[in-house]
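A, B, ... follow the sequence lines: proteins, then strands. Residue 1 opens every chain. Only a predicted model underlies this, so the values are computations on that prediction, with no experimental measurement involved.
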Amino acid sequence: MRRTHSCGDLRVSGAGSRALLMGWVHRRRDLGGVIFIHLRDRDGVTQIVFHADGEAKVHEKAELLRAEYVVAVEGTVRKRSPETINANIPTGEVELVAEKLWILNESRTPPFPMEETVDVSEDARLKYRYVDLRRPRMQRNIMLRSQVSFATREFLYSQGFLEIETPFLTRSTPEGARDYLVPSRNQQGCFYALPQSPQLFKQLLMVSGFEKYFQIVRCFRDEDLRADRQPEFTQIDIEMSFPQQVTVFEAIEPLLQRICAVAGYQIEIPFQRLTYAEAMRRYGVDKPDLRLPPFCPVEDLFPNAGLTAEGLPLVAIRIPKTGALTRKERDELKAYGAERGLRVYDDVKRLERDYPEQLAAVRERTGASEDDLLLIAGWPGAPKGQRPDENVYMACGQLRLFAGQKYNDRHKLLNPKDFRFLWVVDFPMFEWDEEENRWNAAHHPFTSVHDEDLEKLTTDPAHCRAKSYDVVLNGVELGSGSIRIHRRDVQSKVFEALGFSEEEARRRFGFLLEGLEYGAPPHGGIALGLDRLVMILAGENSIREVIPFPKTARGTDLMCDAPSAVPERQLRELGISLRKK
RNA sequence: GGGGACGUAGUUCAGUUGGUUAGAACGCCGGCCUGUCACGUCGGAGGUCGCGGGUUCGAGCCCCGUCGUCCCCGCCA
């Protein structure tokens, strides 16, 4: 017994020939004297017919079939008569007239239907994930993911990249996210850490002279979850020797173009580029969604009007084609802004009475037409912080996105198939840590600084720009990278700016620092979030929809019930005793 | 750690001001049915109203606690 075709294969051209199909009973229609089943495998669905006045024994056996039974059917492919053609399935012009039937396995009644017409709760789906994965949506998503992985490998190989693995059992480094720890049995009291990313290893592979590295690799971060964050997630990790920033861009853009093509979308390269400073000033975020228009500074048009604090921005936000808002809607926007310290002038008509010329200028500057929503927002109260302008812009950026998403039904600009890629460059080198009262690396401590800012490293860290970059798609941070520091003396200066002593730095990252002393080439790279990329290409709103076996928001696995307690014996072997609560 | 939404049949949901035996659709089981394709039709089974406590003559509904799922803030170099 050997499968000859898939359930998506058969066409009229095969009529009259024999075929043996294997798959799952998708649906059974028992009309008494004739039984139809839709047989499903991953390629499609084919109708099987069992006639009582044909192979009577086979028909009798077919009465036993139920949803999701696994069967093999052998028979003759028959062209359907015109009035019985099913235009909804690709194989709908033929059917298989069953002559033999094997029930390979029975199935309990599935906990929820295979149809997509019913939205099943996520807990049920996660508990019976193997069933959920059989449904068309997940089949599509996981197949897309596989295609994206393959396209990535194919493309990067063709460009001379080598796929190289790095350890999962590695050393905990104190910076960054919380580590997942793995206790060592041989060295009791010591722990491995699962990598937050292979960052240090890939840099050392450059020291080793491999020049072009990539890896599709799992990363682990023990932080709280979100719709786009899982404790384990997958990166397309890339590193190159002797690159300039633009070298990395020129490697990544065609890769993303190729990946999008696999998903059926044409995208233009090169991508738009924005500096971090521009992104903040025009969108109020470092990952702008370009499907909505940027906002405009208008403080120069209203000198001494008191609409915002002296020296702070006044921002005009345009949301296209929103039409008139109700009083309630305007109040909502106002309140949203107020929660972030903003004064939102939601009723532009009222401002227009006092400042007719200025408003005309605002309209011209923003390009606002009659049915666009125009909000003007300022911050009359003086904010605190390192970058007060940025605080205003950030609040406006949130307001822009809030309004844009709220009224998406009207302007329809947030089309999930409209892919707007963007590079954000020149991130600040450091950010101020309020709690610890010191500077932190904005990207990571091995990121190099712009040559012209090198001297400011210790004197003016706030204004040092890093050679780091993010690739952003529709408001989602897809990937992040940098040109690394390859010289030990520069690395020392950065540590100095971060307030690490040489000794402390050596304790934390000694193996990397030592590596840099043995002929490290200039190098840099990027890591792309594969889950997020596939999520967007699949049109999903959560990366759980593109991960076969994801965790819940609390980090548990509802299917296998992890994490779980372990027997005392296992703990003893590891030298671990649990503290009583 | 904080805020919000939700939890009723296998699934998706309804359940009025706290009132008598908790409903619907789909699914499931059985009968009938030879051209269906979300087959049709007749009948039937199926409930720890997440869990615990409280208020009350009486709780799916009100109160307190707790568990779980989702979203957001913090966090994620």
Side-chain angles (χ1 to χ4, degrees), chain A residues 26-40 45-54 56 59 63 66-68 78 80-89 91-92 95 97 108-128 131-132 173-179 196-197 199-200 219-231 233 339-340 398 402 405 427 429-431 433-436 439-447 466 468 477 480 482 494 498 500 508-509 527 529 541-542 544 550-556 558 561:
Chain A
H26 189 61
R27 195 171 272 283
R28 179 183 65 120
R29 291 177 295 278
D30 184 349
L31 276 63
V34 60
I35 297 171
F36 298 97
I37 66 167
H38 269 165
L39 189 68
R40 186 195 71 239
V45 169
T46 301
Q47 174 163 284
I48 317 287
V49 205
F50 301 89
H51 286 286
D53 54 13
H59 173 268
E63 287 175 343
R66 294 294 182 271
E68 301 306 307
R78 180 164 70 188
R80 299 202 205 179
S81 63
E83 71 279 9
T84 62
I85 286 173
N86 183 353
N88 298 321
I89 54 174
T91 61
E95 61 195 1
V97 183
R108 291 171 65 180
T109 301
F112 42 80
M114 291 302 126
E115 272 73 31
E116 276 183 354
T117 46
V118 183
D119 275 336
V120 181
S121 73
E122 212 171 332
D123 4 350
R125 293 177 54 204
L126 290 177
K127 180 167 182 195
Y128 299 97
V131 175
D132 184 42
T173 50
E175 294 282 300
R178 196 175 295 114
D179 284 321
Q196 298 172 25
S197 82
Q199 181 62 36
L200 303 183
C219 303
F220 306 86
R221 294 180 189 174
D222 187 6
E223 296 292 348
D224 287 342
L225 310 185
R226 290 285 189 284
D228 62 352
R229 276 164 32 190
Q230 282 274 302
F233 61 99
E339 282 167 27
R340 287 151 183 80
Q398 290 171 8
F402 177 74
Q405 284 166 354
F427 278 78
M429 190 75 183
F430 306 104
E431 54 196 27
D433 187 330
E434 292 279 350
E435 277 176 29
E436 309 235 341
W439 290 101
N440 260 334
H443 184 55
H444 57 62
F446 320 110
T447 303
S468 71
E477 182 195 319
S480 188
S482 65
V494 170
L498 288 169
F500 293 180
R508 293 180 177 202
F509 313 109
N541 289 316
S542 163
R544 289 188 302 275
K551 310 264 187 297
T552 68
R554 282 180 64 253
T556 64
L558 297 181
D561 200 23

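With rounding to whole Å, A:Arg28 atom CZ is found 11 Å from B:C29 atom C1'. Rounded to an integer number of Å, the gap from CG of A:Asp119 to P of B:G10 is 20 Å. A:Asp30 places its CG atom 12 Å from the C1' atom of B:G40, with the value rounded to the nearest Å. The interatomic distance linking A:Asp53 (CG) with B:C33 (C1') rounds to 14 Å, in whole Å. Following rounding to the nearest Å, A:Asp222 (CG) and B:G1 (P) show an atom-to-atom distance of 13 Å. At whole-Å resolution of the value, NE2 in A:His59 and P in B:C33 are 11 Å apart. Straight-line distance from the CD atom of A:Glu68 to the P atom of B:G27: 14 Å, rounded to whole Å. For the pair A:Phe50 CZ and B:C37 C1', the interatomic distance rounds to 15 Å; values are reported in whole Å.
Rounded to whole Å, the C1' atom of B:G52 lies 15 Å from the corresponding atom of B:A59. B:G23 sits 27 Å from B:C70 when the C1' atoms are compared, rounded to a whole Å. The gap from the C1' atom of B:A38 to that of B:C49 amounts to 30 Å, rounded to the nearest Å. Comparing B:G18 with B:C61, their C1' atoms are spaced 7 Å from each other, to the whole Å. B:A22 and B:C42 have their C1' atoms separated by 26 Å, with the value rounded to a whole Å. B:G4 and B:A9 are spaced 26 Å apart, taking the P atom of each and rounding to whole Å. As rounded to the nearest Å, B:C28 and B:C64 have C1' atoms that lie 39 Å from one another. Atom name P, nucleotides B:G15 and B:U8: the rounded distance is 14 Å, in whole Å.
Base pairing of B:C26: its partner is B:G10, meeting the Watson-Crick or G-U wobble criterion (both donor-acceptor distances under 3.5 Å). Taking a pair to require two hydrogen-bonding distances under 3.5 Å in either a Watson-Crick or a G-U wobble arrangement, B:C32 pairs with B:G40. Summarising the base pairing, B:U69 is matched to B:A5 through a Watson-Crick or G-U wobble pair whose two defining distances lie under 3.5 Å. Figure legend. B:C62 is base-paired to B:G54; pairs are counted as Watson-Crick or G-U wobble with both atom distances under 3.5 Å. Across all strands shown, B:C75 forms no Watson-Crick or G-U wobble pair with both distances under 3.5 Å.
Residue-level contact check: A:Pro111 touches the backbone only, with heavy atoms under 4.0 Å from sugar-phosphate atoms and none from bases. If you check every strand for non-hydrogen atoms under 4.0 Å, A:Asp123 touches sugar and phosphate atoms only. Within 4.0 Å (heavy atoms only), A:Arg178 reaches no atom of the nucleic acid at all. Nucleic acid contact class of A:Gln199 (heavy atoms, under 4.0 Å, all strands): base. Contact annotation for A:Leu558: backbone-only contact, meaning every heavy-atom pair under 4.0 Å involves sugar-phosphate atoms and none involves a base. Residue-level contact check: A:Ala124 touches neither bases nor backbone, having no heavy atom under 4.0 Å from any strand. Among the heavy atoms of the strands, none lies under 4.0 Å from A:Thr173. A:Ser81 comes within 4.0 angstrom of nothing in the nucleic acid, heavy atoms only. Contacts of A:Glu95 with the nucleic acid, taken as non-hydrogen atoms under 4.0 Å apart, include base atoms. At a threshold of 4.0 angstrom between heavy atoms, the contacts of A:Gln47 include nucleobase atoms, whether or not backbone atoms are also involved.
Relative to the side chain of A:Thr109, the nucleotides B:C72, B:G35, B:G27 differ in distance, and B:G27 lies closest. When the nucleotides B:G1, B:U36, B:C72 are ranked by their closest atom to the side chain of A:Asp224, B:G1 comes out on top. Closest to the side chain of A:Arg27, out of B:U12, B:C76, B:C39, is B:C39. Of all nucleotides listed (B:G35, B:C71, B:U12), B:C71 comes nearest to the side chain of A:Arg544.
For A:Arg229 against B:C75, a side-chain N or O and a base N or O form a donor-acceptor pair under 3.5 Å. No N or O donor and acceptor, one from the side chain of A:Arg554 and one from the base of B:C67, sit under 3.5 Å apart. If you check distances only, the side chain of A:Arg125 never reaches the base of B:U11 with a donor-acceptor pair under 3.5 Å.
Remark: side-chain polar atoms of A:Arg544 are not paired, donor with acceptor, to backbone N or O of A:Thr552 under 3.5 angstrom.
Distances shorter than 4.0 Å separate some side-chain N or O of A:Thr552 from OP1 or OP2 on B:U69. Listed pair A:Arg226 / B:C73 meets the phosphate criterion, a side-chain N or O lying under 4.0 Å from OP1 or OP2. A:Arg29 has a side-chain polar atom (N or O) that falls below the 4.0 Å cut-off from OP1 or OP2 of B:C39. At B:C37, none of the side-chain N or O atoms of A:Thr91 fall inside 4.0 Å of OP1 or OP2 (strictly under the cut-off). For A:Thr84, no side-chain nitrogen or oxygen approaches OP1 or OP2 of B:C37 to under 4.0 Å.
When the shell of 6.0 Å around CZ of A:Phe402 is examined, it contains more than 12 heavy atoms from other residues, nucleotides or ligands. Heavy-atom contacts from other residues, nucleotides or ligands closer than 6.0 Å to NZ of A:Lys551 number more than 12.
Comparing A:Leu200 and A:Asp228 against RNA chain B, the residue whose closest nucleotide sits nearer the 5' end is A:Asp228. Residue A:Thr556 is the one, among A:Thr556 and A:Ala177, whose nearest nucleotide of RNA chain B lies closer to the 5' end (criterion: closest heavy atom).
Smallest separation of non-hydrogen atoms from A:Ser468 and A:Phe427: OG-CB, 3.3 Å. Minimum heavy-atom separation, A:Arg125 to A:Val120: CD-O, 3.5 Å. Closest non-hydrogen pair, A:Leu225 versus A:Pro231, comes out as CD2-CD, 3.3 Å. Across every non-hydrogen atom of A:Val494 and A:Pro445, the tightest pair is CG1-O, 3.6 Å.
Centre separation under 5.5 Å together with a plane angle under 30° holds for the ring of A:Phe36 and the six-membered base ring of B:U36, marking them as stacked.
Side chains of A:Glu95 and A:Asn86 form no contact here, defined as non-hydrogen atoms less than 4.5 Å apart.
Note that CZ of A:Arg221 is 3.5 Å distant from CZ of A:Phe233, once rounded to the nearest 0.5 Å.
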